[in-house]
Amino acid sequence: MDWFILWDYREDLLNGMLLTAELSVVSIIAATLVGVLAGCMRAMPSFFIRRIGNAYAEIFRNTPILVKLFFLHFVLDFDALAAGFGALVLHQSSYISDYTLAGFRSVPPGQLEAAQSTGISYAKAIWYIIIPQAIRPVIPPFTIQYIQVVKDSSIVSIIAVYDIMYVINLINNDTFRAVESAVGATFIYLSFVAVVVVSMSILQSIVDRKFHHANR
């Protein structure tokens, strides 16, 4: 074993890690916004809006992320990084919409009816009463999906985006040090996942504390 091989490529590894981190963070934020919006649409009383939300989830959840990547890059001619970002957001947001819908359904429907009976509009009842209660149960599945975003970000290496997986493949091809390359990639992705898990654990603690205080 020659672990100094990885040190020789430290600048390339650092650049790849930064790109993977940026792509993951931006994709997580965008996928959350789109997924929560789609989930809200699927919970609305309007049949037409519900159908649009359901169609979005069905189309993008039931097609492989690689198909989305190739479609955006080769058919719609997005540049490589934009295609990777778009594929990640479309794919992950469809799952996040499922979790958002499940969160809404975990709140007893009587609460929405009770709120509207006091004269509060539907939008305000959703924002002030339903969403605060729906957040708590969706944090664990959201955490799993965010971890998936980090792992799925490696697909951009296929279309020559200079992420961490692309650099690892470059090192392996140059040095034929497959074990060192694989161990290095594993360590880096585990580090990224640990950041996601710790961040979401902190968020879960904050929400649990607020929920506990609200019910005292």
Side-chain angles (χ1 to χ4, degrees), residues 21-62 65 85-153 189-216:
E22 289 173 4
L23 179 62
S24 298
V25 170
V26 175
S27 296
I28 283 172
I29 293 171
T32 302
L33 294 174
V34 175
V36 169
L37 176 62
C40 290
M41 292 172 67
R42 297 173 68 187
M44 283 188 174
S46 165
F47 175 79
F48 180 67
I49 295 176
R50 274 205 320 274
R51 294 286 291 180
I52 294 175
N54 287 333
Y56 178 87
E58 291 294 334
I59 290 170
F60 294 115
R61 184 184 53 206
N62 296 325
I65 189 170
F85 169 73
L88 282 168
V89 171
L90 292 174
H91 191 73
Q92 304 301 342
S93 62
S94 63
Y95 288 95
I96 288 174
S97 76
D98 282 344
Y99 303 140
T100 303
L101 180 61
F104 278 141
R105 287 177 174 170
S106 70
V107 180
Q111 296 199 21
L112 179 60
E113 295 167 4
Q116 288 185 290
S117 68
T118 63
I120 299 176
S121 67
Y122 179 81
K124 284 186 176 178
I126 290 292
W127 180 255
Y128 289 110
I129 296 173
I130 304 302
I131 287 181
Q133 297 181 73
I135 287 175
R136 193 179 181 212
V138 302
I139 291 177
F142 271 38
T143 303
I144 294 171
Q145 214 56 45
Y146 293 165
I147 291 171
Q148 198 62 43
V149 172
V150 173
K151 293 189 294 184
D152 282 352
S153 69
Y189 277 107
L190 285 177
S191 301
F192 285 158
V193 167
V195 171
V196 172
V197 171
V198 170
S199 301
M200 294 302 289
S201 296
I202 293 171
L203 177 62
Q204 180 81 65
S205 299
I206 294 171
V207 171
D208 286 347
R209 200 159 46 241
K210 287 185 178 297
F211 192 83
H212 176 71
H213 288 161
N215 285 282
R216 290 177 61 182

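When reading the values below, keep in mind they use all heavy atoms of this one structure, side chains included, and skip hydrogens, waters and symmetry mates.
Among all heavy-atom pairs drawn from Cys40 and Thr100, the shortest one is N-CG2, 4.2 Å. Residue Arg42 comes nearest to Ala57 through the heavy atom pair NH1-CB, 3.4 Å, listed as atom of the first residue, atom of the second, then distance. Taking both residues in full, the closest heavy atoms of Val150 and Tyr189 are given as O-CE2, 3.7 Å, listed atom of the first, atom of the second, then distance. Scanning all heavy atoms of the two residues, the minimum distance from Ser27 to Leu88 falls at OG-CD1, 3.6 Å. In plain terms, the two heavy atoms of Pro137 and Ala134 that are nearest each other are CD-O, 3.2 Å. Between Thr143 and Val197, the shortest heavy-atom contact is CG2-CA, 4.5 Å.
With Ser97 contributing its side chain and Ser94 its backbone, the two residues share a donor-acceptor pair below 3.5 Å. Judged by distance alone, with hydrogens and angles left aside, the side-chain atoms of Arg61 form no donor-acceptor pair with the main-chain N or O of Tyr95 at under 3.5 Å.
A heavy-atom distance below 4.5 Å is not found between the side chains of Leu37 and Leu33. With contacts defined as side-chain heavy-atom distances shorter than 4.5 Å, the pair Tyr146/Ile96 qualifies.
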Could you walk me through whether Leu203 and Phe142 satisfy the side chain to side chain contact (heavy atoms under 4.5 Å, CB included) test, starting with their C-alpha distance in whole Å, then the side-chain angles of each, then the deciding distance to 0.1 Å, before giving a yes or no? CA-CA 11 Å; Leu203 177 62; Phe142 271 38; over 6 Å; no

Side chain to side chain contact (heavy atoms under 4.5 Å, CB included) evaluation trace for Val138 with Phe104: CA-CA 9 Å; Val138 302; Phe104 278 141; over 6 Å; no

The test is side chain to side chain contact (heavy atoms under 4.5 Å, CB included); show your working for Val195 and Ser199 and say whether it passes. CA-CA 6 Å; Val195 171; Ser199 301; 4.1 Å; yes

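Rounding to the nearest 0.5 angstrom, the gap separating the OG atom in Ser46 from the CD1 atom in Ile52 is 8.0 Å. Interatomic distance, CD1 of Ile28 versus CD1 of Ile147, reported as 9.5 Å (0.5 Å rounding). Within the model, atoms CD of Gln145 and OH of Tyr99 stand 4.5 Å from one another, a figure rounded to the nearest 0.5 Å. Of the inter-residue distances, the one linking Ile144 atom CD1 with Ile139 atom CD1 reads 12.5 Å to the nearest 0.5 angstrom. Rounded to the nearest 0.5 Å, atoms NZ (Lys151) and CG (Leu190) are 10.0 Å apart. Atom-to-atom distance recorded for Gln92:CD and Asp152:CG is 5.0 Å, nearest 0.5 angstrom.
No hydrogens or angles considered: a donor-acceptor pair under 3.5 Å links the side chains of Gln204 and Asp208.
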